[in-house]
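See structure below.
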There are 2 protein chains.
Amino acid sequence: MKVTREQAAANRDKIVDVASTLFRKHGFDGIGVADIMKGAGLTHGGFYGHFDSKDDLAAEACTRALSREWLKSAAESSEAGGLEAIIRAYLSPRHRSDRARGCLFAAVGSDIVRQPRAVRRAVTNGFQSLIDSLRSYMPGRSPAARRKQALATMAGLIGALILSRAVDDPTLSDEILESATATFGRRQDEAS
Amino acid sequence: MKVTREQAAANRDKIVDVASTLFRKHGFDGIGVADIMKGAGLTHGGFYGHFDSKDDLAAEACTRALSREWLKSAAESSEAGGLEAIIRAYLSPRHRSDRARGCLFAAVGSDIVRQPRAVRRAVTNGFQSLIDSLRSYMPGRSPAARRKQALATMAGLIGALILSRAVDDPTLSDEILESATATFGRRQDEAS
DNA sequence: TGTACATCAGTGAACGCGCGTTCACTGATGTAC
DNA sequence: TGTACATCAGTGAACGCGCGTTCACTGATGTAC
């Protein structure tokens, strides 16, 4: 059953959107093409009319996930709070429990190194622009210092969120989030 | 072909060792039972004489990986340098390129949340003892403050190593390691 | 200590399942007149 | 504007492969006498 060109484009877009959430929820190996297509309201056979391979979709899905990056939207919506508010939002229980729509790096970060070139390239580009967005919120004196701070802070946030999810003990999980919020939030208070 | 009881125990031990490196290198889903057994010099059929399932082995392999944890040995061998030396070793290019024998959290951290209960429990226990080891190196005044610092620092190190591996650009990768080394190393200089 | 037998660690073929990918087909879309 | 036909987005069956797991079998170990 053919479909309008606009409908086809919308379908493709939906597939990428769904994939970007399902990959984050289940990991690259934890979700199949058939389930992604079902999530987009289609059947698996039509997949290869839109993409060359599952890896090809993964690369696009990563770009999509990073363009709607959690941190980015938090940053843009919290003009008031600035860096402190971004950190609090990133390290919130809400973000911890919403893997599918949260930060790509926290969701599949340690698997990226094992992905094909196209995926890693997409992720690298997304990360660069993420750091660029975050840089302006940093308290350092020079632009170079702010960039360094953005890199280290991002690392701290991602690591803390990953650990808070990995751990089986809710008390320890909360403790990780609170310690990281205090540490990474305080450091910039001192410097500003 | 039966084998000495000691030999059988040694074989089991070897399987766990090999698994702990191969899981870190390829991820839980990226390596199969047959390849792990081959790595231990055995054939896949004998696997279920030693373990109930692949997940069962994964739990043991995580415990093993964390008992020989990179950071732990770095800490114990660097009485001189203290925290600074530990951080430098953790964030070294050497550790970045040696996933198979490096930190479990940096290798498969974002996948742990998707693993069965036994694996998450093993990881949680290993993490608790890791933090306990690291705590004494921290500069905070009270024990509680030192623990908080240990948690946040560990998060920063893990996040930085994951990012440095994920990224496709060697320059950016180095920049991440250097920024994190400077930031997490410096903070404690200020406090001490 | 030596012999006979039971045990059981390890082997390799086989099973069942899920997954990525292919393909012949369908029928609505979009175009040529 | 209306009609006839070509295009092609989507369908669902099928293929091939790898993986976790099972099982009948082998032969060295370890035990009973």
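Residue numbers begin at 1 in each chain, while the letters A, B, ... track the order of the sequences.
Under the side-chain hydrogen bond (donor to acceptor under 3.5 Å, both in side chains) criterion, T181(B) pairs with no residue, sequence neighbours left out.
Note that the first and last nucleotides of DNA chain D, 5' to 3', having any atom under 4.0 angstrom from a heavy atom of chain B are dG20(D) to dT31(D).
Taking a pair as Watson-Crick or G-U wobble with both distances under 3.5 Å, the runs of three or more consecutive pairs in DNA chain C are C:2-33 with D:2-33.
Looking at which nucleotide of DNA chain D each of T43(A) and D29(B) is closest to, the 5′-most match is held by T43(A). Position along DNA chain C of the nearest nucleotide to T4(A) versus D55(A) favours D55(A) as the more 5'-ward residue. In terms of position on DNA chain D, the residue among R5(B) and G46(B) whose nearest nucleotide sits closer to the 5' end is G46(B).
Using a 4.0 Å cut-off between a side-chain N of Lys or Arg and a carboxylate O of Asp or Glu, R64(B) and E60(B) do not qualify as a salt bridge. Ion pair E175(A)/R147(B) flagged as a salt bridge, since at least one NZ, NE, NH1 or NH2 atom sits closer than 4.0 Å to an Asp/Glu carboxylate oxygen. A salt bridge does not link D168(B) to R117(A): none of the charged side-chain nitrogens sits closer than 4.0 Å to a carboxylate oxygen.
Side-chain atoms of R96(B) and S92(B) form no donor-acceptor pair, as typed in the model, at a separation below 3.5 Å. Under 3.5 Å, the side chains of T124(B) and R120(B) contain no donor-acceptor pair of N or O atoms.
Across all strands, I36(A) comes closer than 4.0 Å to no nucleic acid atom at all (heavy-atom distances). Within the 4.0 angstrom heavy-atom criterion, base atoms lie near H44(B). In this structure, G32(B) reaches the sugar-phosphate backbone alone: every heavy-atom distance under 4.0 Å involves primed, P, OP1 or OP2 atoms, never a base.
Within the 3.5 Å criterion, the main-chain N or O of A106(B) finds no donor-acceptor partner in the side chain of S110(A).
Distance check: F127(A) CZ to D169(B) CG gives 11.0 Å after rounding to the nearest 0.5 Å.
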